[in-house]
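Notes for the one structure printed next.
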Amino acid sequence: QVQLVESGGGLVHTGGSLRLSCAASGRTFSTYSVGWFRQAPGKEREFVATISRSGGSTYYADSVKGRFTAARDNDKNTADLQMSSLKPEDTAFYYCAAGSLTFSTPSSYSYWGVGTQVTVSS
């Protein structure tokens with residue numbers, strides 16, 4: 001089992017950058033893929049990015065490709081999401097999740113953090 005805690009959210013202007021971090025507890029973090037999802041008010045949770053167990057493979061939603069970068073450090077039990085060129089439509093609550101498969105569907109992930117708010121002002 002793994003517990004996840006996100007940090008790094010906040011308020012930023014359009015075009016700005018933020019770095020989200022996901023800290024994991026437990027010694028098995030490296031056996032899980034890490035996914036990033038977001039949910040805006042009134043909308044369903046949507047896939048943002050995922051990174052494989054080794055960190056060797058990453059996949060992104062088309063809406064963030066080229067602007068967001070997922071990374072992880074298994075020695076430190078952390079995963080990061082670097083977000084650049086932020087847009088107002090990126091405003092949402094962001095979650096990290098851990099799962100056995102590197103998929104884009106929320107149901108593929110068994111463990112979830114509590115999330116962190118990202119607000120991009122225009």
Give the minimum heavy-atom separation between [X] and [Y], together with the two atoms involved.
{"X": "S121", "Y": "L11", "answer": "CB-CD1, 4.3 Å"}
{"X": "A23", "Y": "T78", "answer": "CA-CG2, 4.4 Å"}
{"X": "A24", "Y": "F29", "answer": "CB-CD1, 3.2 Å"}
{"X": "A98", "Y": "V2", "answer": "CB-CG1, 3.9 Å"}
{"X": "S52", "Y": "S33", "answer": "CA-OG, 3.9 Å"}
{"X": "T14", "Y": "S122", "answer": "OG1-CA, 3.4 Å"}

How many angstroms lie between atom [atom1] of [X] and atom [atom2] of [Y], to the nearest 0.5 angstrom?
{"X": "I51", "Y": "C22", "atom1": "CD1", "atom2": "SG", "result": "11.0 Å"}
{"X": "S30", "Y": "D75", "atom1": "OG", "atom2": "CG", "result": "9.0 Å"}
{"X": "L4", "Y": "S21", "atom1": "CG", "atom2": "OG", "result": "12.5 Å"}
{"X": "L86", "Y": "L18", "atom1": "CG", "atom2": "CG", "result": "5.5 Å"}

### Message
For a side-chain contact (heavy atoms from CB on, under 4.5 Å) check, start with the C-alpha distance between F93 and T116, then their side-chain angles and the critical distance, and finish with the verdict.
### Response
CA-CA 5 Å; F93 219 72; T116 185; 5.7 Å; no
### Aromatic contact, Y32 with Y111 (centres under 6.0 Å)
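Yes; Y111 has its ring centre under 6.0 Å from that of Y32.
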### Task
Answer yes if the ring centres of F37 and W112 are under 6.0 angstrom apart, and no otherwise.
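Judged by ring-centre distance (under 6.0 Å), F37 and W112 do meet the cut-off.
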### Q82 vs S17, side-chain contact (heavy atoms from CB on, under 4.5 Å): CA-CA, chis, key distance, verdict
CA-CA 8 Å; Q82 177 67 47; S17 298; 4.0 Å; yes
### Query
Going through the distances and angles, do E6 and V114 end up as a side-chain contact (heavy atoms from CB on, under 4.5 Å)?
CA-CA 7 Å; E6 302 92 338; V114 296; 4.1 Å; yes
Honestly curious: do [X] and [Y] fall in one hydrophobic cluster under the side-chain, below-4.5 Å linking rule?
{"X": "F68", "Y": "Y95", "answer": "no"}
{"X": "F47", "Y": "V34", "answer": "no"}
{"X": "Y60", "Y": "F103", "answer": "no"}

### Query
For the side chain to side chain contact (heavy atoms under 4.5 Å, CB included) test, which of E46, R45, K43 pairs with R38?
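Exactly one candidate clears the test, E46.
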### Query
Should M83 and L20 be marked as a side-chain contact (heavy atoms from CB on, under 4.5 Å) after you check the CA-CA gap, both sets of side-chain angles, and the distance that decides it?
CA-CA 8 Å; M83 306 185 296; L20 304 184; 3.7 Å; yes
### Neighbour count >12 (heavy atoms, 6.0 Å) for atom CD, Q117
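Atom CD in Q117 is packed in, count exceeds 12.
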### Message
Looking at R53, I'd like to know if its CZ atom is crowded, meaning that more than 12 non-hydrogen atoms belonging to other residues, nucleotides or ligands lie closer than 6.0 Å.
### Response
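No, the 6.0 Å shell around CZ holds no more than 12 heavy atoms from other groups.
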### Query
Going by heavy atoms in the side chains, are R72 and N74 under 4.5 Å from each other?
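A side-chain contact under 4.5 Å exists here.
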### Message
We want to know whether T50 and Y109 form a side-chain donor-acceptor pair, criterion being a heavy-atom distance below 3.5 angstrom.
### Response
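Short answer, yes.
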#### Entry: Main-chain N/O of Q3 paired to S25 side chain as donor or acceptor, under 3.5 Å
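Yes, the answer is positive, given that a donor and an acceptor are paired below the 3.5 Å cut-off.
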### Task
Before accepting this row, confirm whether a basic side-chain N of the pair K65/D62 lies closer than 4.0 Å to the acidic partner's carboxylate O.
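D62 and K65: salt-bridged.
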### Message
Please enumerate all residues that pass salt bridge (charged side-chain N to carboxylate O under 4.0 Å, His left out) together with D80, with sequence neighbours excluded.
### Response
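D80: salt bridge (charged side-chain N to carboxylate O under 4.0 Å, His left out) contacts with R19.
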